[in-house]
Amino acid sequence: AGPLSGMTFVVTGTLPGLSREGVKDLIQLAGGKVSDSISRATSYLVLGAEPGSKLEKARSLGVPVIDETELRKMIGN
């Protein structure tokens with residue numbers, strides 16, 4: 001249960017306020033799931049600085065792209 005319940009997130013790039021593990025913990029504590037690969041089942045791509053190929057794949061699949069600030073707003077943090 002939580003504000004991200006039922007959603008799957010993929011993280012790419014470097015986030016300014018959190019480590020990679022920190023953002024994964026934040027998502028999981030809010031009820032979301034974290035995956036390492038983009039698919040049509042991905043709810044959101046969390047985008048940081050210097051993203052890799054995941055950004056292109058997310059765009060090609062129509063996966064919404066958000067940043068750390070938007071993720072925190074979704075959680076209510």
Side-chain angles (χ1 to χ4, degrees):
L4 304 183
S5 184
M7 297 183 204
T8 301
F9 294 79
V10 174
V11 181
T12 188
T14 304
L15 299 176
L18 291 167
S19 67
R20 184 68 57 104
E21 286 303 311
V23 75
K24 287 181 180 180
D25 289 345
L26 187 68
I27 291 167
Q28 290 170 342
L29 287 171
K33 293 180 184 176
V34 179
S35 176
D36 289 328
S37 60
I38 295 278
S39 72
R40 293 198 185 279
T42 304
S43 304
Y44 293 94
L45 174 68
V46 182
L47 181 66
E50 300 180 29
S53 61
K54 291 177 184 175
L55 177 58
E56 290 176 27
K57 186 163 184 185
R59 286 180 174 156
S60 72
L61 294 175
V63 173
V65 178
I66 62 172
D67 62 13
E68 181 182 338
T69 302
E70 291 172 280
L71 175 64
R72 287 182 182 275
K73 285 179 185 175
M74 290 173 72
I75 294 170
N77 183 346

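In what follows, every heavy atom counts, from backbone to side chain, and hydrogens, waters and symmetry copies are set aside.
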For a side-chain contact (heavy atoms from CB on, under 4.5 Å) check, start with the C-alpha distance between I66 and F9, then their side-chain angles and the critical distance, and finish with the verdict. CA-CA 10 Å; I66 62 172; F9 294 79; 4.2 Å; yes
For R59, does the CZ atom have more than 12 heavy-atom neighbours from other residues, nucleotides or ligands under 6.0 Å away? no
Taking the side chain as every heavy atom from C-beta outward, state whether I38 and T12 have any pair of such atoms under 4.5 Å apart. no
To the closest 0.5 Å, what do you measure between [atom1] ([X]) and [atom2] ([Y])?
X   : Y   : atom1 : atom2 : answer
Y44 : I27 : OH    : CD1   : 12.0 Å
R20 : T14 : CZ    : OG1   : 7.0 Å
K57 : S39 : NZ    : OG    : 7.5 Å

Using every non-hydrogen atom in the two residues, find where [X] and [Y] come nearest and quote the distance to one decimal.
X   : Y   : answer
G6  : S43 : O-OG, 4.4 Å
A58 : L45 : CB-CD2, 3.7 Å
M74 : P3  : O-CB, 3.6 Å

Please tell me whether L26 and V10 are part of a single hydrophobic cluster in this structure, the criterion being side-chain heavy atoms less than 4.5 Å apart.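 No, separate clusters.
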Is there a path of hydrophobic side-chain contacts, each under 4.5 Å between heavy atoms, that joins L55 and V11?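 No.
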Evaluation steps, side-chain contact (heavy atoms from CB on, under 4.5 Å), between L71 and L4: CA-CA 10 Å; L71 175 64; L4 304 183; 4.1 Å; yes
Are any side-chain N or O atoms of K54 and backbone N or O atoms of D36, one a donor and one an acceptor, separated by less than 3.5 Å?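 Indeed, once roles are kept as given, a pair shorter than 3.5 Å links the two residues.
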Donor-acceptor pair, S5 side chain versus G2 backbone, under 3.5 Å? no
Passes side-chain contact (heavy atoms from CB on, under 4.5 Å), R72 versus L18? Steps please. CA-CA 11 Å; R72 287 182 182 275; L18 291 167; 3.4 Å; yes
Does a side-chain N-to-carboxylate-O contact under 4.0 Å join D67 and K73? no
Report the C-alpha separation of Q28 and V34 in whole Å, then their side-chain angles, then the decisive distance to 0.1 Å, and conclude whether the side-chain contact (heavy atoms from CB on, under 4.5 Å) test is met. CA-CA 7 Å; Q28 290 170 342; V34 179; 4.2 Å; yes
